[in-house]
Amino acid sequence: MTADSTDEHPEVFVLRQNIHGISPREYVDALRERLPDREVGFAATPDQEREMLPHARVVAGFSLDEDDIERAENLELFACSFAGVDHLPLDAFRERDIAVTNASGVHGPNIGEYAVGAILTFTRDFLESRRRQRRREWRSHKTHELAGSTVAVVGMGPIGESIVQRLDGFDVDTVGVRYTPEKGGPTDDVYGYEDIGEAVADAAYVVLACPLTDATEHLVDAEVFLTMPTDAVLINTARGGVVHTGDLVDALRSNNIRGAALDVTDPEPLPEDHELWTFENVLVTPHNAGHTPEYFQRLADIVADAVATAEESGEWEGLPNQVV
């Protein structure tokens, strides 16, 4: 057993996982702090996981397959470390009456900061400033101003809402785009995906923060780029497939948009010989917007809230972030 394992069978068990280079032992420590009356365990090897799994009531990690679920005889809650749960055998969890929660909302603050940072980078044209710095060239250049402009945010989940919240105070108009516009949102106006053209027509910045689904695949295509103002900037924090890459390259090459900040691409990783690397008005980051040193702290909050809710109600229903 490792130093972070326990000789007893833990009630709460953290599977092996590595997120953003942060040790899962930080997750264990965070859970122990929030659940001081419960045994929290972690094992560093597959054998240790198999030994602990049958005894745990709560398991936290990336995934469990159907064989793992069968072995987890006492499992009542699986706390997934991802916001998306499509990779999980959800029917198997349902058949065993095992609750499942996700990590929705964990990335809100950091991706919100990324989006605002990207907007300000293009507003003040820091990319050009950096190029001139490398040439040791003290010569001013034109910039833009964010105040009074319109920012369209595509996706009104926790990340989209976090982006809008962080734009408050910049004196901008905000427009939201979501699958169900009738739900409204924190933006000044809300449109459905089918009306994205209306949302981006006056937008200086278009920020993508939606999931990749059948409805959003290639949502941003040539027609959208033609509708966006020519001085608009695209910022993609969603998934690469939300944007038609060929149409994006054409829009950049034809100066149909001013630039793009891409934390995600299609394909991903972006091949070394891809044309997107060569545009000076494109900022490429390696799917890094989601990085935060607070990841496990926020995951631990979700798990602790779920356990407290179940303890109060006496059942694993109506939990925060529950998807099954």
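Computed over heavy atoms, backbone and side chain alike; hydrogens, waters and symmetry mates excluded.
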Please tell me whether His87 and Phe82 form a close aromatic pair, meaning their ring centres lie under 6.0 Å apart.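 Aromatic pair counts; centres sit under 6.0 Å.
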Suppose we screen for side-chain contact (heavy atoms from CB on, under 4.5 Å). Which residues come up paired with Glu317, at least two apart in sequence or across chains?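 Glu317 satisfies side-chain contact (heavy atoms from CB on, under 4.5 Å) with Glu315, Gln322 only.
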Note: [X]-[Y] ion pair, threshold 4.0 Å (strictly below):
X: Glu39; Y: Arg32; answer: no
X: Arg71; Y: Asp68; answer: yes
X: Glu311; Y: Arg38; answer: yes

What residues form a salt bridge (charged side-chain N to carboxylate O under 4.0 Å, His left out) with Arg57, not counting sequence neighbours?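 Here the qualifying residues are Glu11, Glu76.
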Evaluate the criterion side chain to side chain donor-acceptor pair (under 3.5 Å) for residue pair Thr292 and His107; output intermediate values, then yes/no. CA-CA 8 Å; Thr292 170; His107 284 309; over 6 Å; no
Flag yes if Leu219 and Met228 sit in one hydrophobic cluster, no otherwise; membership is Ile, Leu, Val, Met, Phe, Trp, Tyr, and two members link when side-chain heavy atoms are under 4.5 Å apart.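 In one cluster: yes.
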Pairs where residues 264-274 contributes a residue and the test side chain to side chain donor-acceptor pair (under 3.5 Å) is met, not counting sequence neighbours: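 Checked against side chain to side chain donor-acceptor pair (under 3.5 Å) - neighbours excluded - the pairs reaching residues 264-274 are Glu268-His287.
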Nearest atoms (heavy-atom pairs only) where Ile69 meets Pro89: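 Taking every non-hydrogen atom into account, CD1-CG, 3.7 Å.
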Gap separating the CG atom of Leu64 from the CZ atom of Phe78, nearest 0.5 angstrom: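 Result: 4.5 Å between the selected atoms.
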Any salt bridge (charged side-chain N to carboxylate O under 4.0 Å, His left out) involving residues 96-125? Give me the pairs, sequence neighbours left out, ordered by first then second residue.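 Matches after skipping sequence neighbours: none remain.
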Decide if atom CZ of Arg239 counts as having more than 12 heavy atoms of other residues, nucleotides or ligands within a radius under 6.0 Å.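 No - once you tally the heavy atoms of other residues, nucleotides and ligands closer than 6.0 Å, there are 12 at most.
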Connecting only ILVMFWY residues whose side-chain heavy atoms lie within less than 4.5 Å of each other, what is the rest of Val175's hydrophobic cluster?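 Grouped by the 4.5 Å side-chain rule, Tyr191 form the rest of the cluster around Val175.
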Who pairs with Asn321 by side chain to side chain donor-acceptor pair (under 3.5 Å), at least two apart in sequence or on another chain?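 If we apply the side chain to side chain donor-acceptor pair (under 3.5 Å) test to Asn321, skipping adjacent residues, the hits are Asn102.
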